[in-house]
Amino acid sequence: MILETGELLAESCHVYSKLGFKKIPNYGAYVDMPESLCMEKEL
């Protein structure tokens, strides 16, 4: 499972990390968006 959030949304990033999501390189439309944070979790 992959998702996109933003580093400015610290609370969301914290929740996703606690759920086991790991930061990955930005993908698709988010590649050139440094404010984006993409994460994934193996199901």
Side-chain angles (χ1 to χ4, degrees):
M1 178 183 307
I2 59 175
L3 62 87
E4 185 277 334
T5 186
E7 292 183 358
L8 295 176
L9 302 172
E11 296 86 2
S12 296
C13 294
H14 181 72
V15 169
Y16 293 136
S17 292
K18 286 188 78 166
L19 292 172
F21 283 84
K22 305 292 182 200
K23 186 175 178 180
I24 60 170
N26 287 359
Y27 62 90
Y30 309 110
V31 169
D32 295 323
M33 297 178 71
E35 66 277 5
S36 287
L37 174 65
C38 296
M39 304 178 88
E40 73 176 356
K41 179 179 180 177
E42 186 97 15
L43 297 179

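Heads up: numbering here begins at 1 and tracks the sequence.
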For L19, side-chain contact (heavy atoms from CB on, under 4.5 Å) partners two or more places apart | V15, F21
Set of residues satisfying salt bridge (charged side-chain N to carboxylate O under 4.0 Å, His left out) with respect to K41, sequence neighbours excluded | none
Minimum heavy-atom separation for Y27 to L3, with atom names?
-> OH-C, 3.7 Å
Which pair of heavy atoms, one from G6 and one from C13, lies closest together, and at what distance?
-> O-SG, 3.5 Å
Same cluster (ILVMFWY, side-chain, under 4.5 Å), I24 and L43 | no
Identify all side-chain donor-acceptor contacts of residues 33-40 below 3.5 Å with residues at least two apart in sequence or on another chain.
residue: S36; atom: OG; partner: E4; partner atom: OE2; Å: 2.9

Does anything in residues 10-21 pair up under side-chain hydrogen bond (donor to acceptor under 3.5 Å, both in side chains), and if so which pairs, sequence neighbours excluded?
-> none
